[in-house]
Student: 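Take a look at this one; I'll ask things after.
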Amino acid sequence: MMATISPDNSGLRLAVRYTVLSLIAVIFLFPLVFMVVSSFKPDAQLLADTASLRAFLPVGDISLDNYAAAFARAPVGLFVFNSVLVTGVTVLLSLFVCSLAAFSFVFLRWRGRKLLLAIIVATLIVPFETIAIPLLLIAANLPWIGLDGFQIGWLNTYRVQIIPWIADGLTIFLFVQYFKDLPGELIEAARVEGASSWTIYRRIVMPLAGPVLATAAILKFLIMYNQYLWPLMVVQQESYRPVMVGLQYFFQLNRAWGEIMAYLSMITVPVLAFYLYMQRAFIASIASTGVKG
Amino acid sequence: MKTVTLSASIVALLSGTAVSAQTPLSMWYHGAGNVVESEIINGIVSDFNASQSDYVVSLESFPQGAYNDSVIAAALAGNLPDIMDVDGPVMPNWAWAGYMQPLLIDEDVIADFLPGTKGYYNDQLYSVGFWDAAVALVTRQSILDELGLRTPTLDDPWTGDEFNAALEAAKQSGNYEYAINLGMADAGEWYPYAFSPFLQSFGGDIIDRETYQTAEGVLNGDEAMAFGEWWQGLFEAGYAPGTSQDPADLDTGFTDGRFAFSWTGNWMALNTLLAFEDTLFLPAPDFGHGPKIGAASWQFGVSATSDHPEGASAFIEFALQDEYLAAFSDGIGLIPATPTAAEMTQYYSEGAPMAVFFDLSAAQGTLRPVTPGYVVAAKVFEKALADIANGADVADTLDAAVDEIDTDIQRNNGYN
Amino acid sequence: MALPGFGLIAIFIILPFFFAIALSFTNQRLISPNPTQFIGMANYSRLLGVGVTTIQPERDDEGEIIRNAAGAPEYPRLRTIIRGNPDFANLAGMREWFSWERSDEARTIVLARDVVFMKALVNTLLFVIIVAPVQATLALGLALLINQRLRGISFYRAVYFMPVVVSIVVVSLLWRFIYDGNNGLLNNMLSALTFGWFEGHDWLGDPSTALGAIMVMSIWQAVGFHMVIWLSGLQTISPTLYEAAAIEGASKAQTFRYVTWPGLRNTAVLILIVITMQAFALFAQIDVMTNGGPRDSTQTIVFQAVERGYGRQDISGGSTISVLLFLLVLTISLIQGFLTREKT
């Protein structure tokens, strides 16, 4: 798709470039290779192989036994479904809410916006572990009006895994820093023409926000998909458990490393798929914004 | 609570029994991810539900690594089930905190249970275990022969000197990567469970059991110092891999022949038995104050918030039948709580390969300190042992541990 | 329009954090039937209390300093002096943090009420100071490398991100095998590369290399994450600027200096802040790989906050640590903000 070959991309230089890129690739690739390769090996061999480069080669006694055992041990499909659902919904809502907030911080003029932004950025410092208990007490006492009427308490639901995570300082800050680089003249021009803030957000800013949307989506996806402590605290029913809590099913006393690797390989698929998808969207959006910028 | 009740009634509906008269009971168990264990516990639940018409129990399983945190979170949020299981040494902490209430079970029912399976706190029975766990010095007859060592017995265990000599002999033989696997890679409760009995055999302890108000003098007295020096020596001499031991070593090191001995729990025993026909499970060595191993494993109790403690206790009592104790033992290799159940099992009946564990548990089993403060003291002890193994000054480390344990007790008003 | 976002943050982050601040002034436990009491700054002084004392070397009957084989004076053990001694009541419960010999006649010892926390503080700062710049630079290098127009570049772009995709817990487990002291992959490779001259090292078991080993792994794991952020910044730079630079005949270095770098200003601020925050939050690697050991060489602030709050059921102590962390990072951010402020 990028067929434009500039003059200095010829011959030797090109070979050097690919060599460098590939060497670096090897350094980054090996955990994934180890994980996937190990998932096909029986435990004794897997552990013996960790001492040598055999750890990265699908050699010896290769089978799908670990996968079968993993499915027997835990409802893998359910966990993946829960995680993808919670993650997907959170990412979508987060992109909307956070970009809207960032838009307001960068392009609208209102009193106290600098202070508010500073507070939001400061929340980046708060490690989740340290507010988990107060947050639990809050979530256990929040009201909710749903199909089955009014209730107190959010425990054992999907929403308790989603709503507290929609807005976060990092995502808002990411959008803010990106929006600052957008050409201000476009927004000014639209404003002069009498466009409402909502229209400017929807018609001008967001179409230009491709790269940051992709970046924010990936980062949020990773954070949400790897949730452990929070779902552990607020969800006591298997039917709502996400993948990282599910990982604990494999660390019982009858620990089996091959099954662990099989489970990890399976739960990595959605993340990888999402990243590859976003990367394509990312490049496509760059192609289009490049023209506008 | 609401959703729990809801799911219980759905279960009742689905099982097609009379719904109206039955009281739903929720139960939590730490065995998620263990297929065999889940089958057994589910079997007990459905047997109970079928055996009477007053209550219907619904089970929610948790993975062990997440269980305690889940219980604490649920307690904070007011969301505990009726029946829950609890790790033996943690029970006093939860009972003290008001998570649990005493069982309504006649003590005659558990008269012949192994002492490690009875969870007493303040003279009241809060929990009962279906099984106990035990640690043994695992080796092979061929290794003892090769190293020219006598076989220790329950009546005549190795002395500390004999034990040290055995480690030295294994090292000198040059046939093993390390003399002994202590399971150092297994951080957490393993350290106090597996190693505090050594300290007790030296004459020290984690906390003063007379008062449960201080560790001064017992965790940093002369006996404890001697224990600490000995402990550090194990790693200095290169007898055992230290805290950086990799998990592979832990799981397969002994069966791969890289260790001459392994200090490990009976839940690992099955693998070893399958690997070597001449596997031996030896009693703990005696460092002067008797040979000791840890006692008490997971047990069952009733939450303080349960509205139906009599139903919850009825379930636990129902589950205490020999038949079920034996099923757990056969399924996951644990020591059945009663001699009669032991006779019904594959591994613990008279002459069976792991029967020795039953005797070990009965003869050497020592409860960890029965106090709500144990949970924190165990953490402190774990860190002290790791630091000493890594070369920290023994006296300073034990002093610091004592200070930390004492401070914790004071901050909790003596845990009274 | 900022309302939904800010409102959610206020309820789910700021409110609980104020709760945590309040807890830090109490003796609240994670599990306890005892009523909560206000105890003022006690949690803070327990963490931050330090003291200094000087001890004299041991002398024999003639008053001569006793020396060991190497000629260095022998000092009595600190515990024999201050433990249970009413004269040193102000130092009771303190431990030696570090010490130095002032002269041949005396040793000055700095004590801390909570040596573990002090070590955690130092380790965390060390981690941040080393990891943040190295990681940011490497990530920028990778982003530049990956931002070229080459066939198949998206493959590499995906590969460099791999370690981020795999959960940190998994990556940490894997690196335990790599760093293993006996027959770990790293030792075997180094041994092979040096033809057996390298005899192996227990990377995570040696207090002098454990933190370094975790730093290397952490950089490796997260660099792809920051590469992606740099990349999105690079994409905002208009191609027309590069074309102009090419027409002017600018060298690669000049193009970077005058076109790329100025265009990355906002991204750089973002990266710096994000990396610093993440470095300060170092936890999972420690939890899986070392538990803070050996001998506290890898203790970190957040690990201690969690260890105390949950492991030792001291939720007020854990909260106190997080408040201190917050203040520390806030101070650093303000300094950073001042240093990188837009010069007009």
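Keep in mind that what you see is a predicted model, and the values were worked out from it rather than measured. Chain A is the first sequence line, chain B the second, and so forth, proteins listed ahead of strands; every chain is numbered from 1.
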Student: Taking 4.5 Å as the heavy-atom cut-off, does anything in residues 125-135 of chain A contact chain C, and if so which residues?
Tutor: A:Ile125, A:Val126, A:Pro127, A:Glu129, A:Thr130, A:Ile131, A:Ala132, A:Ile133, A:Pro134, A:Leu135
Student: Take A:Tyr275 and C:Met162, measure what side chain to side chain contact (heavy atoms under 4.5 Å, CB included) needs, and give me the verdict at the end.
Tutor: CA-CA 10 Å; A:Tyr275 174 68; C:Met162 286 304 172; over 6 Å; no
Student: At their closest point, which heavy atom of C:Tyr156 faces which heavy atom of A:Ala25, and how far apart are they?
Tutor: CD2-CB, 4.0 Å
Student: Compare all side-chain heavy atoms of C:Val159 with those of A:Leu32 and state whether any distance is below 4.5 angstrom.
Tutor: no
Student: Answer whether the closest heavy-atom distance between the side chains of A:Ile218 and C:Val164 falls below 4.5 Å.
Tutor: no
Student: Highest number of heavy-atom pairs under 4.5 Å with chain C: which of A:Val26, A:Leu108, A:Leu219, A:Asn226?
Tutor: A:Leu219
Student: Identify the residue among A:Leu116, A:Asp168, A:Ile120 that makes a side chain to side chain contact (heavy atoms under 4.5 Å, CB included) with C:Ile9.
Tutor: A:Ile120
Student: In terms of heavy-atom proximity below 4.5 Å to chain A, should C:Phe18 be classed as side chain, backbone, both, or neither?
Tutor: neither
Student: Do you know which of A:Leu247, A:Val176, A:Val271, A:Leu100 has the most heavy-atom pairs with chain C at a distance under 4.5 angstrom?
Tutor: A:Leu100
Student: So for C:Leu30, is it side chain, backbone, both, or neither that comes closer than 4.5 Å to the heavy atoms of chain A?
Tutor: side chain
Student: Can you see which heavy atom on C:Ser154 is nearest to which on A:Gln279, and at what distance?
Tutor: O-NE2, 3.3 Å
Student: Looking only at heavy atoms, which two atoms of A:Ile27 and C:Trp220 are closest? And how far apart?
Tutor: O-NE1, 2.9 Å
Student: Under a 4.5 Å heavy-atom cut-off, does chain C meet the side chain of A:Thr171, its backbone, both or neither?
Tutor: neither
Student: Quick one: what part of C:Ala305 sits under 4.5 Å from any heavy atom of chain A, side chain, backbone, both or neither?
Tutor: side chain
Student: Identify which of C:Leu15, C:Asn188, C:Leu270 forms the greatest number of heavy-atom pairs closer than 4.5 Å to chain A.
Tutor: C:Leu270
Student: Between C:Ile168 and chain A, which part of the residue has a heavy atom less than 4.5 Å away: side chain, backbone, both or neither?
Tutor: neither
Student: Check each atom of C:Ile178 against the heavy atoms of chain A and say whether the ones under 4.5 Å are side chain, backbone, both or neither.
Tutor: side chain
Student: Considering only heavy atoms, which portion of A:Phe34 lies under 4.5 Å from any heavy atom of chain C: side chain, backbone, both, or neither?
Tutor: side chain
Student: With heavy-atom distances below 4.5 Å as the criterion, would you say the side chains of A:Phe28 and C:Leu142 are in contact?
Tutor: yes
Student: If every non-hydrogen atom of C:Ile13 is compared with every non-hydrogen atom of A:Ala167, which pair is closest and at what distance?
Tutor: CD1-O, 4.2 Å
Student: With the side chain counted from C-beta on, respond yes when A:Ile163 and C:Phe12 share a heavy-atom pair under 4.5 Å apart, and no when they do not.
Tutor: yes
Student: Check whether C:Leu328 gets within reach of chain A through its side chain, its backbone, both or neither, counting any heavy atom under 4.5 Å.
Tutor: neither
Student: Find the one option among C:Val169, C:Ile229, C:Val171, C:Ile301 whose heavy-atom pairs under 4.5 Å with chain A are most numerous.
Tutor: C:Ile229
Student: Just so I understand: if I count every heavy-atom pair under 4.5 Å between each of A:Ser94, A:Ala118, A:Pro164, A:Ala122 and chain C, which residue has the most?
Tutor: A:Pro164
Student: Please list all pairs passing the salt bridge (Lys or Arg N to Asp or Glu O under 4.0 Å) test where one or both residues lie in residues 300-315 of chain C, with sequence neighbours left out.
Tutor: B:Lys379-C:Glu307, B:Glu404-C:Arg312, B:Arg411-C:Asp314, C:Arg46-C:Asp314, C:Asp114-C:Arg308, C:Glu307-C:Arg312
Student: Where does C:Val329 contact chain A at under 4.5 Å (heavy atoms): side chain, backbone, both or neither?
Tutor: both
Student: Using a cut-off of under 4.5 Å on heavy-atom pairs, state which of A:Leu124, A:Thr268, A:Leu182, A:Leu170 scores highest against chain C.
Tutor: A:Leu124
Student: Counting only non-hydrogen atoms closer than 4.5 Å, does A:Phe56 touch chain C with its backbone (N, CA, C, O), its side chain (CB onward), both, or neither?
Tutor: side chain
Student: Which answer fits C:Ile321, side chain, backbone, both or neither, if we ask what part of it has an atom under 4.5 Å from a heavy atom of chain A?
Tutor: neither
Student: Rounded to the nearest 0.5 Å, how far apart are CZ of C:Arg157 and CG of A:Leu276?
Tutor: 12.0 Å
Student: Hey, which of C:Ser167, C:Ala281, C:Ala10, C:Ala20 has the most heavy atom pairs under 4.5 Å with chain A?
Tutor: C:Ser167
Student: Please determine, among A:Met244, A:Met35, A:Arg113, the option with the most heavy-atom pairs under 4.5 Å with chain C.
Tutor: A:Met244
Student: Hey, are A:Tyr178 and C:Thr267 close enough side-chain-wise for a donor-acceptor pair under 3.5 Å?
Tutor: no
Student: Does A:Leu264 reach the side chain of C:Val166, with side-chain heavy atoms less than 4.5 Å apart?
Tutor: no
Student: What part of C:Val165 is in contact with chain A, defined as an atom under 4.5 angstrom from a non-hydrogen atom: side chain, backbone, both or neither?
Tutor: both
Student: Starting at OG of C:Ser238, measure out to CG of A:Asp181 and round the result to the nearest 0.5 Å.
Tutor: 12.0 Å
Student: Please report the shortest heavy-atom distance between A:Pro211 and C:Gln235, naming the atom on each side.
Tutor: CG-CB, 4.4 Å
Student: Please classify the contact between C:Phe155 and chain A as side chain, backbone, both or neither, with a heavy-atom cut-off of under 4.5 Å.
Tutor: neither
Student: Mind checking the CD1-CG spacing from A:Ile166 to C:Leu8? Nearest 0.5 Å is all I need.
Tutor: 5.5 Å
Student: So, the side chain of C:Tyr160 versus the backbone of A:Leu21: is there a donor-acceptor pair under 3.5 Å, distance only?
Tutor: yes
Student: Can you tell me how far the CG atom of A:Leu272 sits from the CZ atom of C:Phe161, to the nearest 0.5 Å?
Tutor: 10.0 Å
Student: Check step by step if side chain to side chain contact (heavy atoms under 4.5 Å, CB included) holds for C:Val269 and A:Gln177.
Tutor: CA-CA 8 Å; C:Val269 172; A:Gln177 294 300 92; 3.6 Å; yes
Student: How many angstroms lie between atom CG of A:Leu14 and atom CG of C:Leu150, to the nearest 0.5 angstrom?
Tutor: 6.0 Å
Student: Given a strict heavy-atom distance threshold of 4.5 Å, which part of A:Trp165 is in contact with chain C: side chain, backbone, both, or neither?
Tutor: neither
Student: Say you draw a straight line from CD1 of C:Ile271 to CG of A:Leu174; how long is it, rounded to the nearest 0.5 Å?
Tutor: 9.0 Å
Student: Counting only non-hydrogen atoms closer than 4.5 Å, does C:Leu173 touch chain A with its backbone (N, CA, C, O), its side chain (CB onward), both, or neither?
Tutor: side chain
